[in-house]
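I have placed the structure first, in the form of C-alpha cells, so that the comments after it can refer back to it.
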Protein chains: 6
Amino acid sequence: MRPSGRQLDEMRPVSIETEFTKHAEGSCLIKVGETHVLCTASIEDRVPPFIKGSGLGWVTAEYGMLPRATNTRMRREATAGKQGGRTVEIQRLIGRSLRAGVDRVALGERQITVDCDVLQADGGTRCAAITGGWVALRLAVNKLMKAGDVLSDPLVDPVAAISCGIYAGQPVLDLDYPEDSEAGVDGNFIMTGSRQLIEVQMSAEGATYSRDQMNRLLDLAEQGVAQLVEAQKAAAA
Amino acid sequence: MRPSGRQLDEMRPVSIETEFTKHAEGSCLIKVGETHVLCTASIEDRVPPFIKGSGLGWVTAEYGMLPRATNTRMRREATAGKQGGRTVEIQRLIGRSLRAGVDRVALGERQITVDCDVLQADGGTRCAAITGGWVALRLAVNKLMKAGDVLSDPLVDPVAAISCGIYAGQPVLDLDYPEDSEAGVDGNFIMTGSRQLIEVQMSAEGATYSRDQMNRLLDLAEQGVAQLVEAQKAAAA
Amino acid sequence: MRPSGRQLDEMRPVSIETEFTKHAEGSCLIKVGETHVLCTASIEDRVPPFIKGSGLGWVTAEYGMLPRATNTRMRREATAGKQGGRTVEIQRLIGRSLRAGVDRVALGERQITVDCDVLQADGGTRCAAITGGWVALRLAVNKLMKAGDVLSDPLVDPVAAISCGIYAGQPVLDLDYPEDSEAGVDGNFIMTGSRQLIEVQMSAEGATYSRDQMNRLLDLAEQGVAQLVEAQKAAAA
Amino acid sequence: MRPSGRQLDEMRPVSIETEFTKHAEGSCLIKVGETHVLCTASIEDRVPPFIKGSGLGWVTAEYGMLPRATNTRMRREATAGKQGGRTVEIQRLIGRSLRAGVDRVALGERQITVDCDVLQADGGTRCAAITGGWVALRLAVNKLMKAGDVLSDPLVDPVAAISCGIYAGQPVLDLDYPEDSEAGVDGNFIMTGSRQLIEVQMSAEGATYSRDQMNRLLDLAEQGVAQLVEAQKAAAA
Amino acid sequence: MRPSGRQLDEMRPVSIETEFTKHAEGSCLIKVGETHVLCTASIEDRVPPFIKGSGLGWVTAEYGMLPRATNTRMRREATAGKQGGRTVEIQRLIGRSLRAGVDRVALGERQITVDCDVLQADGGTRCAAITGGWVALRLAVNKLMKAGDVLSDPLVDPVAAISCGIYAGQPVLDLDYPEDSEAGVDGNFIMTGSRQLIEVQMSAEGATYSRDQMNRLLDLAEQGVAQLVEAQKAAAA
Amino acid sequence: MRPSGRQLDEMRPVSIETEFTKHAEGSCLIKVGETHVLCTASIEDRVPPFIKGSGLGWVTAEYGMLPRATNTRMRREATAGKQGGRTVEIQRLIGRSLRAGVDRVALGERQITVDCDVLQADGGTRCAAITGGWVALRLAVNKLMKAGDVLSDPLVDPVAAISCGIYAGQPVLDLDYPEDSEAGVDGNFIMTGSRQLIEVQMSAEGATYSRDQMNRLLDLAEQGVAQLVEAQKAAAA
C-alpha cells in the first residue's frame, strides 16, 4: 500500500557515516532512505549575549538545503537574501530539541553550533537533521571530554526524531516524500533515548485528527526512535 | 499556587469585541486576560499563484506585535528589516490552523488574509490570535454569504486555541506570561468546535515530558477550547 | 459642502483614552474622528551614541500602520523588509516635533521612544500621532517626576498638530480622508500650546498656492491646535 | 556676522553648466557656492503602474550623495543596503516639487526621472537639486518638443528652491553648511517663476518660531528664487 | 619544500564520483585532495529575459560553501542576508568559464544552472568547482541528447581549471590552503581540453610579478589541466 | 577599422583634474576619452578589525556608477538595496590593485578609502578608476607626509590599469564601449610604473584565446600603462 512497498511500521534503512568532513569537531552524513543530511558540530568559545557570564553553555542549530536537493531546483536562500519561514522554523526546532538533551552546566560557558545541510531530500529532513545532529554533537563533546575541557558528560540522553502520519487512512512510520506530500495529518516526534518526549508537532493541513489517532502515531514514533537511537549509538561508539 | 491565584484548570476571562475597526470585512479585539490582540480579516480577489485557476480559496495570516506590547520595548520588525523567526513561525501556525476549518471549495477562488496584531501581551498571544482570528474570519465570511458571493458556508467548524503547560510541577490551563516564562514544558493546542485536533505543538526547553503528562494537558486543553468556542459563538452570533 | 457635512472651520470630535496599554510608561488611544492612533512612550536608560556622556536627553518616535487600518489592505512593512518612504518621513517629523517641546537638559541622559501605531486611518494620522504622542510622553514624564528621577519638568509646552488644506477651493480645517485625497494643497501645522510654530509643511501636488492662502490656513490651524491642546490637558491632567 | 561675510539677504554665487554628461536627455552641474549637484533627466517610455493607460505623464526624482561629498566620509548607501530616511525624504520632495510645474497631460504617457547626485556638499543640497533638476528637465523636454514627441510645452513655469533660516537671531538667505548646522530654525521654500508657492517646509529643532519670523523668511525666499529663476533661464535658453 | 611534500609540479589526487545526488540531471562530488565540491546541473525550460525568443541557451552557475567547510566556522550567507563579494565573484567566473565551452545554438533555448557547493575546503575551491561543474553539465547534456531534446552536442570541448602560484619563491602547481594563504602571487587558469585559454586571473596581494613568472605559471597550468581533463573524461565516459 | 578611427595601439586622450572636490584629502576627475570617473581618497584613523594593533595600514576602495552614467538609465544600487555582482567585483579589484603599490608598514595604522564614482561611462571604467584612484591616493598621502604623520613614502611605485582586447580579430589598446561590447576576448592589465604586473584578468565570453594572443595584448598594455603613468606623474607632481 505504501509507495515504497514498506510495512506500515517499517522505517527506511538508516546509515550514519561519521567524520564525513575533517574541519568540524564532530560531523556525520546521515542517510534515512534517500534523505541525506550532512551534520557538523562546531565548538566556539563565545556564547550568545544573554548567557554571558552565566557559566552555562549553549547549543544552537542552523539548517539549509542545497538548491538541487529537491526534485525541482529551489532558489538558493543566500541569493534570495533571507532564510525562508520553513527554514527558520526547522532550525529553531533542531536547536530546541538538541538542547533538551544537554546539561548546560556540565557543558560550561561555550557554544556548539550544529549545522544541518540537506544534500538530498526525500521527506523527513528535519527529523534526520536532529538524529544526525545529535551524533555530530556527541562526537564534538567527546573531543571536549578527551581534552579535559569538560569533566562530566553534558549529553544526558540521546535525542532522535521521526515523522509519522496518516497516509491513505493508515498510520504509517517514517514518511517519505511521496507520502508526506499526500498525508493530511503528519507529526514530528522528538524523544530521548529513554523515550521521554521533547517535542511533538502534529498538524493537519485541511483536515483534523482525533486523540486516538494521535496516540497511534505516538506508538509508532516510539518504535522508530528506538531504532534510531541504536543507530546513533553504533555510529558514535 | 499560580501567580494569578487562578485554579489549575481556570482560564483567564475572555472577551471579544467585534467590529473594532471599520475598514476590514471582519474585525475584533480579543482579550484573554491581559493579552489583547486586534484581528482583522481582509477579503481579496487575487489568490496565490499556486492555486490560480483551481477554483479553491485560500486563508492566510500575518502576525505582529507592537513594539511596546511587552514589558520592555522590542525593536519594530519593520525597522529591523525582517520578521523574526518567532513571528514567522506563529503566522504560519495561525494560517494553517484557520485553514483546517475552511472548506476551500465552498470559499471559491478568493483569499482572506487574517492580520493578528498584539496590542498588549501577557502570554498566549498566538492562541488568542487564532481564536480571535477565527471570529474575524467568521464575520468576513458572513458578509460574503450575505452578498451572495458564497453560497454554502465555507466555515465548517470553529477553530480555537489554548496553551497549557507544566508549571511548578502541575499541569495548568492557559499560561500567562509569568507562568510561561517559568514552565519547562508548554504546549499549544488547536482544536475545532467538535474537539477534533488540528495542531498540537508541545515542547520542552531544557526538560522532557511523559505521554502521561501530555494526556493531562490535552484534557485541560479540551476544557479550555470548549469555553473559547462559546465565547466565539456569542461574539459572532 | 464638506463630505462630512462639517463647517469649514470645524474639527472632527477628539477623544484621548489614557493608559490604553499597561506596559508602557505612558500610553493613550487618540481618536480624531475615525482616525485612531495608539501612542506609547517608553523610557530607556540608553541614549543614541551621538549624545552619550552629554547629559542631554533624547526623544524619538516610530510610526506604523496596521495592514488593514486603511480601506484596502496594505502590505505589512515588516514583510516588505523595510519601512516605506512615507513612514520614515512621518516618524522623523513626529520625533522632531516632540523634541521641540522638550528641555533636554531637564530630561537628563535618557531616551524616550514614542511609538505611534495607526489602528484605523481616515486622514490626518501624522497629526493625530503627534498630538497623542505628546500625551503619552507627558504621562511617561509624569512617572519620572513622581519617582524623583527628573527634578524640573522637561516638557515646556504642549505640542499638537493639525492639517488644513484647500478643498473645493475653500480653506478647511482638519482634513479627513475623502478631503485629503482630493485637496490640491494641504499642510500640516505643528505648534506649541502658546501657538508658537514648530513645523509647517505645506505642499501642493500638481498645483500651487499664494502666501495669502497660506495665511488663511495658518489661521485655521491656530484655531484647531487650541482645541487639541485643551483635549491634551484634559486627558493628561 | 555671517561666517562667509555675506549680507543677510545675499545668496552665494550660482552657476549652471548644462550638458555636463552626454548620455542623459538633459543634464547640468549646478553650483550654489561650494554645493555642487549633478542633475540628469532621463526619459523613459514606461510609466508607473498607477497611471498606465491614463495618458498622463510622470516626473520622479532620485537623490544621492557621493560618500566624500561631505566633510567626513559617509557610508555609501548601496553598501548600507538602503537609502537613509533623509535621502528618501529629499527625493520625494524633489519629485513632488518638479511635478508641480508640469502639465502632465501635455507631457503624455512617459516618465522622466531626474537624478540629483551631490558631488560636493556645503548646505542647501536639496534646494540646489530642485533648481538644477528643473534645468535638466527643461533640456530633456526641449528634446521631446524638438522631435515632435510633445506638441505643447508641458513645463508651465520654472521651479526653484532656496533655504532661509534664523541664524544668530537674524533671518538669513541661502544657508551654507556652517550656518545650517547652527540655525535653530530653517526652511526650504519651493516656488514657481511667478513666485507662487509649491512647498514650504519650515522646521525648528529644539526651538520654535513666530508667524512674523516665518513671513520674514518668506520675503527673503522670494528674493532668492527670483535670482535662481534668472540663472535657470540663462542656462536653459 | 611544499607543506604537503608534493613536487613543485605535482597535483593533488583527483577523484570524481558521478550521480552523487539523485534529483539533479547531472551531479558529481569532485575531490581535489581535501577540497570536496558537490556539483549539480539542473535543466530548466525558462531562460533569462535577455535571451527570450533568441533560440539560444544559457548556462549559469551558483556557488556556496557550507558554514563548516573551513577550518573555523563561517557565517551562513543565508543568515547574513546576502552572498559575500567573494562568492559573487566566484560564481560569475564559473558561469562565464563553462559558457565558453558551450555552443549556445546547439543547446537551444533552455537554461542549465550549475550549483557548486563546497562541502570541505582546502584551497582551490573555485577551480574544483569549474572542473566538477563541467562534469555535471556533461551528464545533464547527455540526458538531453539521449532524450532527443538536443541533436548535436552543445559541449564543444571540456573546461577545466587549476590554480598555480609563487610559493616560497617557487612556481608551484595546484595550491592547497596552507600554500594559498602564504603565496604572494597566485592565479587561476581556466582552459579547454585543447589547451586554449578561457580565463586567466592572476593577482598579487602586496607584491608584483614579471611576465616571465607569469609564463612559468601558465606552463604549469597547462600540465595540470591536461590531467584534469583526463579525469573528467574518465568520470563522464 | 576601429569605430573611433583610432589606430590599433592608440589610446584615448587622458586628462586628470586634481582637487575636483574640496573635502577629500585627495581627489581628481580622470577622463579617459568619454569615460569620466571622480576619485576621492579619504584618510581615517580607524582600521579594519583584522589589522587592529598590527601597526600596518590599509587601503580599500569602493566603486559606484551614477544611474545615468550609461546610455540607458540603470537602477540606483542604493534603491535596489545592494551592490550588484559587477560592482563588488570591481571594487575588490581596485582595492587589491592599489594595495600592491603600498608599503603598509610605512603607511602606519590608518585606512585610506578610495571612492571611484563613474559620472559618465564609455568603457574601461574600472581601469580609469584604478589609474585615477592612485592619483587621489598620492595626493592624500602627500598631505600625510607634509604633516609629518608619515615619515617615509608608503607609495613605492605608481599603479595604473588599461584594458586591451581582440576586436574584429585584431588586438587593440584601450577598448571603448562600442568595442568592449563586441570583443570576444578582453583583459584588464594592472601594472606598476616599472611595468611589473599586479593583476591580469583576461577573459573570453563565448570564445577562447591562445597564449600568443595573450602575449600580444600584454605588449599593448605595457605601452598603454607607460602613457598613463606619465599622466599620473604630471597630475600629481
Side-chain angles (χ1 to χ4, degrees), chain D residues 19-29 31 33-46 60-84 86-88 91 111-122 136 140 177, chain F residues 19-29 31 33-46 60-84 86-88 91 111-122 136 140 177:
Chain D
E19 310 299 359
F20 189 76
T21 67
K22 72 168 185 174
H23 296 301
E25 282 72 32
S27 79
C28 72
L29 178 66
K31 297 185 181 178
E34 296 286 354
T35 290
H36 303 176
V37 185
L38 173 51
C39 306
T40 61
S42 300
I43 303 173
E44 290 163 304
D45 280 332
R46 58 173 191 77
T60 187
E62 287 190 7
Y63 171 92
M65 227 188 222
L66 296 194
R68 196 55 197 282
T70 44
N71 195 40
T72 54
R73 188 178 181 273
M74 294 179 316
R75 194 175 177 197
R76 194 175 283 269
E77 290 187 321
T79 317
K82 61 170 184 172
Q83 295 184 304
R86 182 185 164 277
T87 297
V88 169
Q91 70 190 10
Q111 172 169 286
I112 304 184
T113 300
V114 177
D115 284 288
C116 302
D117 287 90
V118 180
L119 304 189
Q120 186 176 287
D122 186 37
Y177 181 74
Chain F
E19 310 298 359
F20 189 75
T21 66
K22 72 167 184 174
H23 295 301
E25 281 73 33
S27 79
C28 73
L29 178 67
K31 297 186 179 177
E34 296 286 355
T35 289
H36 302 176
V37 185
L38 173 51
C39 306
T40 61
S42 300
I43 303 173
E44 290 162 304
D45 280 331
R46 59 174 191 77
T60 187
E62 288 190 9
Y63 171 93
M65 226 186 221
L66 296 194
R68 196 56 197 283
T70 44
N71 195 39
T72 54
R73 188 178 182 275
M74 295 179 315
R75 193 175 178 199
R76 193 176 285 268
E77 290 187 321
T79 318
K82 61 169 185 172
Q83 295 183 304
R86 183 185 164 278
T87 296
V88 169
Q91 70 191 10
Q111 172 168 285
I112 303 183
T113 300
V114 177
D115 285 287
C116 302
D117 286 273
V118 181
L119 304 189
Q120 185 176 285
D122 186 36
Y177 182 73

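Naming: A, B, ... by sequence-line order, numbering from 1 per chain.
Atoms NE2 and CG, from F:H23 and D:L119 in turn, are 11.5 Å apart once rounded to the nearest 0.5 Å. Taking CG of D:L66 as the start and CG of F:L66 as the end, the distance is 6.0 Å to the nearest 0.5 Å. From D:L38, atom CG reaches atom CD of F:Q120 across 9.5 Å, with rounding to the nearest 0.5 Å.
Only the backbone of F:A121 comes within less than 4.5 Å of a heavy atom of chain D; no side-chain atom from C-beta onward does. Residue F:T87: no heavy atom, backbone or side chain, is found under 4.5 Å from chain D. At a 4.5 Å heavy-atom cutoff, the contact between D:A41 and chain F is made by backbone atoms alone. At a 4.5 Å heavy-atom cutoff, the contact between F:T40 and chain D is made by side-chain atoms alone. Heavy-atom distances place both the backbone and the side chain of F:N71 under 4.5 Å from chain D. Both the backbone and the side chain of F:E25 come within contact range of chain D, with heavy atoms under 4.5 Å apart.
Put simply, of F:E34, F:E77, F:R76, the one with the most heavy-atom pairs under 4.5 Å next to chain D is F:R76. Here F:K22 is the residue among F:K22, F:K82, F:E44, F:H36 with the most heavy-atom pairs under 4.5 Å with chain D. Contacts with chain F were tallied for D:A69, D:G84, D:S27; D:A69 has the most, counting heavy-atom pairs under 4.5 Å.
Ion pairing between a basic and an acidic side chain is recognised when a charged N comes within 4.0 Å of a carboxylate O; D:R68 and F:D117 show no such pairing. Comment: D:E62 engages F:R73 in a salt bridge, judged by a side-chain N to carboxylate O separation of less than 4.0 angstrom.
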